[in-house]
Amino acid sequence: CAALASLHSQAPRHGWRHTEREVREALGAPVDQLFEDFGRRPIASGSIAQIHRAVWLNQTVAVKVRHPAVVRRIVTDFTLMRAASDLLARLFGVSGLRASVT
C-alpha cells in the first residue's frame, strides 16, 4: 500500500494553462463557456493524463486531460518496442513475434 501511495504522489501533473488549451482545442470553446464549474486543481493524475472535476449540464463529470507531449512519447515507446522485437526475431530466430499486429 505504501508503494502504491508513493507512485500516486509522484505522478506527473501539468499546469492550468495546458488544461485550458487542451480543452479548448478538443471541444472548440473555452472552459468557462462549456462547463458551469471546472476544478483548476486535478483530483487525480497518472502517467498519461490527469482528471479534473467539472459540472456540465447540472451533472458532475470527470474531464481527462492528457499531459503535454504524451502522444509523442507513446509513439516513441512503440517504435522502440517494434525495433527491439524485430532485432530479437532476427538474432534468435523467433518466429511468431509479430510486433506489427496490435
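For the atom pair CD1 (I74) and CZ (R66), the distance works out to 8.0 Å, reported to the nearest 0.5 Å. Note: I48 CD1 to R73 CZ = 9.5 Å, rounded to the nearest 0.5 Å. In this structure, CD in Q33 is found 10.5 Å from CZ in R24, a value given to the nearest 0.5 Å. Between atom CZ of residue F38 and atom CG of residue D32 there is a gap of 11.0 Å, rounded to the nearest 0.5 Å.
The closest donor-acceptor contact from the side chain of H52 to the backbone of V63 lies at 3.5 Å or more, if one exists at all. With hydrogens and angles disregarded, a donor-acceptor distance shorter than 3.5 Å links the side chain of E36 to the backbone of N58.
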Exercise for review: Take E20 and H18 through the side-chain hydrogen bond (donor to acceptor under 3.5 Å, both in side chains) test and state the conclusion after the steps.
Suggested key: CA-CA 5 Å; E20 281 184 304; H18 176 76; over 6 Å; no
**Study point:** Worked check of side-chain contact (heavy atoms from CB on, under 4.5 Å) between S47 and H67
**Key:** CA-CA 8 Å; S47 60; H67 295 306; over 6 Å; no
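Enclosure of atom CH2 in W16 by more than 12 non-hydrogen atoms of other residues, nucleotides or ligands within 6.0 angstrom is indicated. Counting heavy atoms of neighbouring residues, nucleotides and ligands inside a 6.0 Å radius, atom CD of E25 exceeds 12 of them.
Counting only heavy atoms from C-beta outward, the side chains of T19 and Q50 approach each other to under 4.5 Å. Contact annotation: the side chain of F35 approaches that of V23 to within less than 4.5 Å [non-hydrogen atoms, C-beta and beyond].
If you chain together hydrophobic residues whose side chains sit under 4.5 Å apart, V55 and I51 never meet in one group. V71 and F78 fall within a single hydrophobic cluster, where Ile, Leu, Val, Met, Phe, Trp and Tyr are joined by side-chain heavy atoms under 4.5 Å apart, directly or via other members. Hydrophobic clustering places L87 together with F92 (ILVMFWY residues linked when any side-chain heavy atoms are closer than 4.5 Å, directly or through intermediates).
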